[in-house]
Structures are given as structure tokens and as C-alpha cells.
Asks: 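What follows is a structure written as C-alpha cells; I'll ask about it next.
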Amino acid sequence: MNITKEQIDNLNAVVKVAITKEDYQDKVEKILKDYRKQANIPGFRKGQVPMGLIKKQYGKAVLVDEVNKLLQDNLNKYLNEEKLDVLGNPLPKQQDSFDWDRDELAFEFELGLAPEFDASLKTKKPVVQYKIVADKKMIDEQLERIQKQYGKLISKKVVGKKDELTGTFVNEAEEIEHKSTVELDKIKNKKALDALVGKKPGDVVTLKTKGLFKEDYFLSGALGINRDKADKLAIEVNFTIEEINERQPAELNQELFDKLFGKDTITSVKALRDRLKEDAEKQFEQQADQKLLNDVTERLIETTKFDLPSGFLKKWIQMTGEKPLSEEEAHDEYEKSEKGLRYQLIEGKIIKDHQVEISFDELKEFAKGFIKSQMAQYGQMNPAEEELDAIAGRVMSNQEEVKRLSEQLMSQKLLTLYKEKANLKVKEVTYENFVKEVYG
């Protein structure tokens, strides 16, 4: 067997493979002899079928199968030995009339080669790194929610502006009949609020659903319908008042502090505010990190310039999917996937240049941390190390789980690298302003 490479340009090459009978003849003969031993053909005893008949019936199929195996094994070996960084897979060049009876069989494969480029984290224009802070307004609102959550309900006979009403919403045409509790300070529509204030248990109030609440998502919960339906709904519903309650907020005292964080962990209102601020900002950090990862990715794609073997890749997409695509369909698929491919190459280059690696022990510890956080959600705060090791072992035996965890850990490592090496500009914002800037 002889394999040679013809370089077309920096991004394209053709590999030529020449196979002679000596490369496959012995293997083909052995398989055909095995076929002969097992063949059941009418008119012949088992194992006594003439070899000529076996070759006529099975010879070509066995030959093609063995040659394809030889091609696959030796082509992959050649690409590894020559350290050729290819995109996609080698594509066989079509030959109009291929003669399988020739003494030498010649094959050609097109290659799309990965480009050579530099990927610098020190981009000219800095990437914004958001630091989200919990401001006084947010802490005040959180304290208010806590006080309401742990407060007392006082039954009332007449509706006031800040009361909670329990009742049933009904609209027969939309098949709505749902009992729920409504906080009047969540009502946006002034006419609706005025219609409710002063009412008593047993009174029925007709309300328009459109613009009823300050936040649209409250409507689906109140009516017991899915969010999509609630967003499109513009009807009237009858609300029958069954209970009226005033929520008296809990006092900010040691009893409440102990309920929230355990005995004597928090001993003052200032310490409680500091703890709420710390906890909120830890949660915000995850969102800020994801934003940073996305923004650095976009900036790297924008600033790292290189060509791709687009013609080869379009042909590869056209020919290797579940079903053949037209040229136009392949072009569209390439346009959709080009950005992702570019970042895969950039990420691979960064990982190689900065020697970012994941060891087995690191991955196992990462898996244990993930398992521990999941167990905490179900109240298991301090699982034994032996139990974590056992669960992690089962997780690590699942290749899909290993792949998923590896990708997550690599993202963490890249994020750490970006924070250390990339050109970043820290911007401190409140969560409200972060949402406005990021999501509009």
C-alpha cells in the first residue's frame, strides 16, 4: 500500500491511496474459505461447495468490505503520523467507472485542513466584566419579603389596599375556575383595585385580565392556566372573595434571625443585611460570569481572523448528513454552523497555547462537588466522603456524564483564564441595571 499527499493550498489537500492485491488477497481468501465451510447451497453438501461458486456469489462483496477496512485503518493512521489537523472527515473523490478487478486499486480523498492562526486574549477593545452589587433598595425589598413570609395573617371583614384575598376566579367560556390568593399590592389596574377595596367575603367582583397585575406572569398563577395562554388572554373574570387577610410583618428580632440562619449565626439587623447582600451577590456572580464567558467568546470570534476551507466543508455537510442535501441547503447549514466552528478552533488554540488541562482527579472532585450541591437541595447537607466517592464512581462510568462534566469544568477553567489574561474592564452595576443593559 502506498499513501501520498498532494497539497492544493494551505487549507486543502488530496490524499492518494494505492492498494495492491498483496494488501488484501490473503484476508479475502481466508474469509471466503470460512464462507465455504458454512455455506448451505442446494445441491451441495455443507463444506463441499466449489470455491468458484463461493467467489462468484460472495467474492466482490468481501473484496469491497476488506478494501474499505484497509482504507479506513491506514488513512487514519497516516493522518495521525503526519499530524494533519483535518476538519470534518476525508471525503472520497467520486470515480465514474471503478474497476474492482484491477491489480492495483487507486483511491483519492479530499481533506479540509485546519487553518494556522494566533489567538490573543489581549484584544484591543476591553470586554466589560460586570460586578453586580445588591443595593440598598434590593436589600430593603428582600427584608420586606422575609418579614411578610414569616409574618402573621390577621383575618379582616373588609378589603383594604394592602390585604391578601383568597377567592375563586371564574370564566365559563374559557373553562376557568381556580381558587388562588392575590396580594393587592401586586394589582396594577387602578379600576380593579378600586373595585376590590371595601368589599366583603361573599362579594363577587368582575375584573379585566389584561393589565391586571404589575407583572404579567402573576396572571397565569392566579387563573391556573399556562403562561402562553395567559399572555394572550383579554377577558373578564368573576372573582368571588372568600377570605380577607392582612399580613402583619414579622419583627426583625433574634427569633427571626435564628429561624433564617440557625441559632446565634446572625445577631443584629446590620449583620442580617450584610448576609443578605453577600448571598445575593454570590448568586449574581454566576450570571455575571456567564455573561463574561459569552462576551469574551464573541470578542475572540470578532478579532481572530482566519480563513476556512469553506468549499470542502460545504461539500462535507452536503454528503455526510442523514440524508444528502442540495448545494443550497448545504450552504445554509454551513452559514449556521460557521461561527460555532470558528470558536471551536479558537478555543482549541487557547487551550493548547495556555496548556489548560483536566486531570481525572480534578474531574472526580468536580463531580463530587456537583453531587454534593444536588444532595443539599434535598436536605442532605453533610454527606459522608465514602458516599460521595461511590456516587462519583458511578457517574464517572457513564461516558455521556463524563463528557458533560468535562465541558462544564473546561468552561470554568477558561473563565478563570479569561479573568487573568483577557483585556477586561470591570463595571459595577446594580442587578436592575445589569438586566437593563444585558436584556434590554
Side-chain angles (χ1 to χ4, degrees), residues 130-167 179-190 192-194 196-199 201 212-219 221-222 241-289 372-382 427-437 439:
Y130 287 96
K131 178 176 172 54
I132 307 172
V133 295
D135 60 354
K136 182 179 180 299
K137 178 187 173 188
M138 172 174 279
I139 301 304
D140 287 344
E141 289 174 350
Q142 197 164 347
L143 272 178
E144 187 180 333
R145 283 195 295 272
I146 289 170
Q147 286 181 274
K148 286 177 74 173
Q149 181 183 345
Y150 288 89
K152 296 177 183 176
L153 284 178
I154 300 171
S155 180
K156 293 179 64 178
K157 294 183 179 180
V158 179
V159 177
K161 284 189 176 181
K162 293 188 176 180
D163 292 339
E164 294 181 9
L165 308 183
T166 298
K179 183 174 180 175
S180 58
T181 298
V182 176
E183 298 175 41
L184 290 197
D185 59 4
K186 301 289 194 297
I187 297 283
K188 176 182 178 182
N189 189 301
K190 188 175 183 305
L193 190 59
D194 291 342
L196 289 164
V197 172
K199 294 296 187 290
L212 179 60
F213 292 101
K214 291 177 181 177
E215 300 290 346
D216 291 339
Y217 66 86
F218 287 137
L219 184 63
I241 299 171
E242 296 167 21
E243 292 180 30
I244 307 167
N245 292 296
E246 179 187 349
R247 190 172 285 274
Q248 189 178 72
E251 290 185 31
L252 295 174
N253 55 24
Q254 194 60 48
E255 182 183 355
L256 179 61
F257 304 157
D258 291 348
K259 279 182 184 177
L260 292 170
F261 296 105
K263 187 168 176 57
D264 296 333
T265 304
I266 301 293
T267 56
S268 68
V269 174
K270 182 182 182 305
L272 174 61
R273 294 181 69 92
D274 290 345
R275 176 63 181 267
L276 293 176
K277 180 178 174 66
E278 180 187 344
D279 289 351
E281 290 178 355
K282 277 183 182 175
Q283 292 180 5
F284 297 153
E285 188 177 351
Q286 191 173 4
Q287 292 184 59
D289 281 349
K372 198 172 181 180
S373 66
Q374 285 192 318
M375 293 175 78
Q377 293 177 19
Y378 295 95
Q380 293 178 264
M381 305 306 294
N382 294 299
K427 183 175 183 179
E428 197 169 282
V429 292
T430 64
Y431 184 71
E432 186 177 354
N433 287 336
F434 174 77
V435 171
K436 284 179 183 176
E437 286 193 30
Y439 304 109

Asks: Should the pair Glu183-Lys148 be classified as a salt bridge under the 4.0 Å nitrogen-to-oxygen rule?
Replies: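 Yes, Glu183 and Lys148 are salt-bridged.
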Asks: Between atom CG of Leu212 and atom NZ of Lys186, what is the distance when rounded to the nearest 0.5 Å?
Replies: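 Those atoms lie 13.0 Å apart.
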Asks: Could you note down all residue pairs passing ring-ring contact (aromatic ring centres under 6.0 Å, His included) where residues 262-289 supplies at least one of them, sequence neighbours left out?
Replies: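 For residues 262-289, and leaving out neighbouring residues, the ring-ring contact (aromatic ring centres under 6.0 Å, His included) pairs sorted by first residue read Phe284-Tyr431.
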Asks: In Å, rounded to the nearest 0.5 Å, how long is the span from CD of Gln248 to CD of Gln147?
Replies: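 Interatomic distance, Gln248 CD to Gln147 CD, rounded to 0.5 Å: 11.0 Å.
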Asks: Would you find a donor on one side and an acceptor on the other, under 3.5 Å apart, between the side chain of Asn253 and the backbone of Leu256?
Replies: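 Looks like yes, one N/O pair under 3.5 Å.
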Asks: Do side-chain atoms of Glu281 reach the backbone of Leu276 as a donor and acceptor pair under 3.5 angstrom?
Replies: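 Such a contact is absent between Glu281 side chain and Leu276 backbone.
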Asks: Holding to side-chain hydrogen bond (donor to acceptor under 3.5 Å, both in side chains), I want the full list of residues that pass it with Ser180, two or more places apart in sequence or in another chain.
Replies: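 side-chain hydrogen bond (donor to acceptor under 3.5 Å, both in side chains) list for Ser180, sorted by chain: empty.
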Asks: Ion pair present between Lys161 and Asp185, side-chain N to carboxylate O less than 4.0 angstrom?
Replies: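 No, this pair does not count.
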Asks: So, does Asn433 use its side chain to make a donor-acceptor pair with the main chain of Thr430 at under 3.5 Å?
Replies: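 Absent.
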Asks: Looking at CG of Leu184 and CD of Glu164, how far apart are the two atoms once the value is rounded to the nearest 0.5 Å?
Replies: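 That separation rounds to 9.0 Å.
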Asks: Which heavy atom of Leu272 sits nearest a heavy atom of Ile266, and at what distance?
Replies: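 Shortest heavy-atom separation between Leu272 and Ile266 comes out as N-CG2, 3.5 Å.
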Asks: Can you see which heavy atom on Ala192 is nearest to which on Ile187, and at what distance?
Replies: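 Taking Ala192 first and Ile187 second, the nearest heavy atoms are CB-CG2, 4.3 Å.
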Asks: Using 0.5 Å steps for rounding, measure from the CD1 atom of Ile244 to the NZ atom of Lys157.
Replies: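 Between Ile244 CD1 and Lys157 NZ, I get 10.5 Å after rounding to 0.5 Å.
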Asks: Restricting to non-hydrogen atoms, name the atom on Asn245 and the atom on Glu243 that form the minimum distance, rounded to 0.1 Å.
Replies: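 That closest heavy-atom pairing would be ND2-OE1, 3.4 Å.
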Asks: Between Gln283 and Asp279, does any side-chain donor sit less than 3.5 Å from a side-chain acceptor?
Replies: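 Not at all, the side chains of Gln283 and Asp279 share no donor-acceptor pair under 3.5 Å.
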Asks: Using the ring-ring contact (aromatic ring centres under 6.0 Å, His included) rule, collect all pairs that involve residues 136-163, keeping only residues at least two apart or in two chains.
Replies: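 Residue pairs with at least one partner in residues 136-163: there are none.
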Asks: Can you confirm whether Glu285 sits close enough to Ile132 that some side-chain heavy atom of one is under 4.5 Å from a side-chain heavy atom of the other?
Replies: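 A side-chain contact under 4.5 Å is absent here.
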Asks: Side-chain contact, heavy-atom cut-off 4.5 Å: Val182 with Phe218?
Replies: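 Answer no - side chains too far apart.
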Asks: So do the side chains of Leu260 and Arg275 get within less than 4.5 Å of each other, counting heavy atoms only?
Replies: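 In short, these two side chains do not touch, never coming nearer than 4.5 Å.
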Asks: Tell me if the CD atom of Glu251 is crowded by more than 12 foreign heavy atoms within 6.0 Å.
Replies: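 For Glu251, atom CD is not crowded (no more than 12 foreign heavy atoms under 6.0 Å).
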Asks: Can any side-chain N or O of Lys277 pair as donor or acceptor with the backbone N or O of Ala134 at less than 3.5 Å?
Replies: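 Yes.
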Asks: Is it true that atom NZ of Lys188 has more than 12 heavy atoms of other residues, nucleotides or ligands lying nearer than 6.0 Å?
Replies: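 Not more than 12 within 6.0 Å, no.
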